[in-house]
Amino acid sequence: MAIRVLVTGGAGYIGSHACKALARAGFEPIVFDNLSTGWKAAVKWGPLVQGDLMDRATIDAALAEYRPAAVMHFAALSLVGESMQDPGRYWRVNVGGALNLLEACAAAGVRNFVFSSTCATYGDQDGVLLTEETPQRPINAYGGSKLAIEQMLQDFGKSGGISHVIFRYFNVAGADPEGEAGEQHLPETHLIPLMLDAVAGKRPALTVFGTDYPTADGTCVRDYVHVSDLADAHVLGLKRLLDGKGNAVFCLGTGRGFSVREVIDASRAVTNREVPVVIGGRRAGDAAALVSSTTKAIEELGWEPQRSTLRQMIGDAWAWAQKPGYDA
Ligand code: UDP
């Protein structure tokens, strides 16, 4: 029988790609999702438990029924701007949900935990290449809530015997190259899908959030990583835990940053169409530049990003944008 993995947020963008990667590697993903931002139609590689992490009894029941060997925890509120407007909700849902999940894992004897953290835990660090050792100083509630969960994992490692792999994602983009999964948020807030919507005429224009940052062209710099490469890293992280190699933290980015203007230029090259652009003000909570070091994930985890060029990510997102998308 395949080893089971409970995937919280498995109906969402990154979680669904992780489920596909897990299934391909011979695991059985059990999706636990409240479908607040995820899609039933994105659950294709294993069963769905529709439940909320704020409800401990539902988590206990899912762990008792499926007896997973590990948990991958994707489910979270994840929008920087929104987290600045409603910080309490981010702390309650993200930290409260993770706490319920960890306590349920400790009680059920689930000893392996893969956690989606973020480069937003670093805050604004003057454009230095960020490594696993860089001090974390979040500047928004989203990053703050994720850092709190990282700290919680350290404590549960000591007392609850739960080993963890923490992945700090940089900017995840693209879609499944075979078109089986992709990005669909309501409302959409992310750069690449919004830009492609503007290209396709589904919205009037892309607003560039700030052109006065201390970067080469004044727009924010981010390190974009393909969602399928990210999913592959999760399978490697899971295997590392199951091999008993213990706790670890890995940054998942490419080591190369691109400005908002560079992303727009790359889109033009992929789609052969202009991006209608409006220049706007800064978005609260945005750091000027966030770029990852890749050394540790490549050397210690054996991660080999295959599709994380801007051209490939925008190309795969563009192909996904031509498809009908998930039904509610
Ligand atoms: N961005 C933008 N216009 C948009 C959405 C995003 O200029 O409509 C910028 C944003 O300020 C950031 C980058 O694009 O510098 C990536 O933002 P996104 O929301 O995709 O990801 P985040 O960095 O918040 O995780």
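Whatever order the structure lists ligands and atoms in, that order sets their numbers, starting from 1. This is a predicted model, so every value here is computed, not measured. These numbers come from the heavy atoms of this one structure, side chains and all, not from hydrogens, waters or symmetry mates.
Within the cation-pi definition used here (under 6.0 Å to the ring centroid, within 45° of the axis), R256 qualifies as a partner of F258.
Although no hydrogens or angles enter the test, the distance criterion places no donor-acceptor pair under 3.5 Å between the side chain of D223 and the main chain of G253. Within the 3.5 Å criterion, the main-chain N or O of R222 finds no donor-acceptor partner in the side chain of N171.
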* Apply salt bridge (Lys or Arg N to Asp or Glu O under 4.0 Å) to E180 and K20, showing your working. => CA-CA 9 Å; E180 292 188 286; K20 177 167 178 173; 2.5 Å; yes
* Could you check F74 against H17 for ring-ring contact (aromatic ring centres under 6.0 Å, His included), going step by step and ending with a plain yes or no? => CA-CA 11 Å; F74 296 94; H17 288 80; over 10 Å; no
* **Worked verdict on D265 versus R268 for salt bridge (Lys or Arg N to Asp or Glu O under 4.0 Å)** => CA-CA 5 Å; D265 289 344; R268 209 175 284 125; 3.0 Å; yes
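Taking the charged nitrogens against the carboxylate oxygens, R203 and E188 have no contact shorter than 4.0 Å, which rules out a salt bridge.
At least one N/O-N/O distance between R222 and ligand 1 falls below 3.5 Å. In terms of polar-atom proximity, L206 is not counted as a contact of ligand 1, lacking any N or O under 3.5 Å from an N or O of the ligand.
By heavy-atom distance, the residue among V208, N171, D223 lying nearest atom 21 (O) of ligand 1 is N171.
Under a hydrophobic clustering in which Ile, Leu, Val, Met, Phe, Trp and Tyr are joined whenever their side-chain heavy atoms come within less than 4.5 Å, directly or via other members, V31 and I59 fall into different clusters.
Contacts between F258 and ligand 1, counted as non-hydrogen atom pairs separated by less than 4.0 Å, are absent for every part of the residue. Here T207 has backbone heavy atoms under 4.0 Å from ligand 1, and that is the only part of it that gets that close. If you look at L194 next to ligand 1, the close heavy atoms, those under 4.0 Å, all belong to the side chain. At a heavy-atom distance under 4.0 Å, atoms from both the backbone and the side chain of H190 approach ligand 1.
From the protein, the heavy atom lying nearest to atom 20 (O) of ligand 1 is L191 N, 2.8 Å. The protein atom (non-hydrogen) at minimum distance from atom 9 (C) of ligand 1 is V260 CG2, 3.9 Å. Shortest contact from atom 17 (O) of ligand 1 to any protein heavy atom: R283 NH2, 3.4 Å. Scanning the protein for heavy atoms near atom 1 (N) of ligand 1, the closest one is F209 CD1, 3.6 Å.
Put simply, no part of Y169 is less than 4.0 Å from ligand 1, judged by heavy atoms.
The two residues R240 and A248 come nearest to each other via the heavy atoms NH1-CB, 3.5 Å.
H234 pairs with exactly one of F250, Y169, W303 by the ring pair (Phe, Tyr, Trp, His ring centres under 6.0 Å) rule, that one being Y169.
Listed by number with element, the atoms of ligand 1 under 4.0 angstrom from any heavy atom of T189 are 5 (C), 19 (O). Each of the atoms 10 (C), 11 (O) of ligand 1 lies under 4.0 Å from some heavy atom of D286. Counting the atoms of ligand 1 from 1 in the order shown, those under 4.0 Å from a heavy atom of Y224 are 13 (C), 16 (C). Every atom of ligand 1 is numbered from 1 in the order shown, and the set under 4.0 Å from a heavy atom of C220 is 15 (O).
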